[in-house]
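Basis for what follows: all heavy atoms, side chains included, without hydrogens, waters or symmetry-related copies.
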Amino acid sequence: MTSDPMVKAEAVHKRFGRLEVLRGIDLEVAPKEVLCLIGPSGSGKSTFLRCINHLEKIDAGKLSVDGELVGYRERGDKLYELPDREVCRKRSEIGMVFQHFNLFPHMTALENVIEAPVHVKEESKSTAEERGRALLARVGLADKVDSYPRQLSGGQQQRVAIARALAMEPKLMLFDEPTSALDPELVGDVLDAMRVLAEDGMTMIVVTHEMGFAREVGDTLMFMDAGIIVEAGTPRDVLTSPQQERTKSFLAKVL
């Protein structure tokens, strides 16, 4: 018996004005799978991630997470947009880590991590703090619980952002180029934290330029360009023997 996909995209289209950014994306991500998305800037990777948690609305097709449509309810063959409250409730099940950490500057690392569980999920502060400390320890920041963002390096701030996303106990984690804003020597710590998550069985979709990470941690690698998936396969196959000319020319520049 095969388990249902955690993420399923069917002919997903998205346009901004005249620009068609996603031109019919079809993919499935199984529970506990790590999917890495690579491709040039402007190929639609980040937009696709934002559609998964309904930060962007899709124009055609269907997107579901854990068997439920994202942002819509289906009646007959029509889709009806869900009210904001419902969308927010669903979005809380999906963790997202952006390029820029977006931490609250006036809050400590621990306060940043417990903010959403306490205010969105109405968890008790003591429960949230206990889990928050454990999550910060999990990303290697046990000694930084009382530090403010300005006292942390970029890599440490990004790991706080990962802990913050995990605090909502998501069933899916989305990473949008989480290391691209970091100094090179800080990248490894963030990738290590993500590696641990993958080993723990978290379903992840990672938009990344880190080919070594994709090769080592990814189960599936997809190359996107101009709003379509050009090529998909195991990271090893795609990186070492790409089939499509467009993939070959992209990899020749980045590897």
Side-chain angles (χ1 to χ4, degrees), residues 7 29 32-41 45-46 48-50 52-53 55 94-105 107-117 131-222 224 235 239 254-255:
V7 180
V29 183
K32 301 191 175 182
E33 181 177 351
V34 178
L35 166 65
C36 292
L37 290 175
I38 62 169
S41 294
K45 308 180 302 293
S46 296
F48 178 64
L49 277 199
R50 292 172 67 83
I52 293 175
N53 66 0
L55 287 172
I94 302 170
M96 185 147 184
V97 177
F98 300 89
Q99 287 181 22
H100 300 288
F101 332 117
N102 307 330
L103 298 177
F104 295 114
M107 292 184 184
T108 64
L110 183 61
E111 287 167 345
N112 266 285
V113 170
I114 69 170
E115 171 75 4
R131 205 170 63 249
R133 287 175 190 279
L135 287 169
L136 286 166
R138 188 174 168 192
V139 296
L141 295 174
D143 57 338
K144 299 292 184 190
V145 288
D146 297 321
S147 300
Y148 288 89
R150 66 177 178 276
Q151 299 169 316
L152 301 171
S153 71
Q156 289 169 332
Q157 289 186 57
Q158 189 61 294
R159 284 183 282 155
V160 173
I162 292 172
R164 177 181 59 182
L166 292 173
M168 292 297 282
E169 302 184 300
K171 49 179 80 165
L172 168 68
M173 284 285 282
L174 308 175
F175 292 89
D176 188 8
E177 298 188 23
T179 57
S180 65
L182 302 178
D183 292 334
E185 71 266 26
L186 302 176
V187 167
D189 291 338
V190 173
L191 295 180
D192 285 344
M194 293 167 63
R195 198 173 277 115
V196 169
L197 280 188
E199 287 164 3
D200 290 347
M202 175 62 75
T203 311
M204 294 161 56
I205 302 180
V206 184
V207 171
T208 187
H209 295 296
E210 302 290 338
M211 300 300 162
F213 175 84
R215 182 187 281 120
E216 189 187 331
V217 181
D219 297 300
T220 308
L221 184 65
M222 291 186 178
M224 277 181 74
L239 293 174
V254 299
L255 286 180

Next on the checklist: I need the minimum non-hydrogen distance between I162 and A193, along with the two atoms involved.
Outcome noted: CD1-CB, 4.4 Å
Checklist entry - Does the E199 side chain pair with the main chain of V196, one donor and one acceptor, at a distance under 3.5 Å? => result no
Next on the checklist: Looking at K45 and D176, is there a salt bridge between them, counting it only when a charged N and a carboxylate O are closer than 4.0 Å?
Outcome noted: no
Checklist outcome for this item: side-chain hydrogen bond (donor to acceptor under 3.5 Å, both in side chains) filter on D219, not counting sequence neighbours, yields none
Checklist entry - Distance-only, no hydrogens or angles: does the R131 side chain make a donor-acceptor pair with backbone N or O of A167 under 3.5 Å? => result yes
Checklist outcome for this item: Correct closest heavy-atom pair for P235 and G218 would be CG-O, 3.3 Å
Item to check | Distance (rounded to the nearest 0.5 Å) between S41 OG and H209 NE2 | outcome: 5.0 Å
Item to check | Spacing of NE2 belonging to H100 relative to CD belonging to Q157, to within rounding of 0.5 Å | outcome: 11.5 Å
Checklist entry - Which is it for M204 and L197 under the side chain to side chain contact (heavy atoms under 4.5 Å, CB included) test, yes or no, and what are the steps along the way? => result CA-CA 9 Å; M204 294 161 56; L197 280 188; 3.9 Å; yes
Checklist entry - Any luck finding a side-chain donor-acceptor pair between E33 and T220 under 3.5 Å? => result yes
Next on the checklist: If I compare all heavy atoms of A165 with all of P170, which pair ends up nearest, and what's the gap?
Outcome noted: O-CD, 3.4 Å
Checklist entry - Would a 4.5 Å heavy-atom cut-off, applied to side chains only, mark F104 and E111 as touching? => result no
Checklist entry - Taking 4.0 angstrom as the limit, do E115 and R164 come out as a salt bridge? => result no
Next on the checklist: Main chain of F213, side chain of E216: is a donor-acceptor contact present, judged purely on distance under 3.5 Å?
Outcome noted: no
Item to check | A198 versus V34, closest heavy-atom pair with distance | outcome: CB-CG2, 3.7 Å
Checklist outcome for this item: With L172 as partner, the option from N53, I94, V29 fulfilling side chain to side chain contact (heavy atoms under 4.5 Å, CB included) is I94
Item to check | Heavy atoms of other groups near K32 NZ, more than 12 under 6.0 Å | outcome: no
Checklist entry - Distance-only, no hydrogens or angles: does the R159 side chain make a donor-acceptor pair with backbone N or O of V190 under 3.5 Å? => result no
Checklist entry - Closest heavy-atom contact between T208 and A214? => result CG2-CB, 4.5 Å
Checklist entry - Between A163 and L136, which heavy-atom pair has the shortest distance, and what is it? => result CB-CD2, 4.0 Å
Quiz: residues 143-150 side-chain donor-acceptor pairs under 3.5 angstrom, not counting sequence neighbours:
none

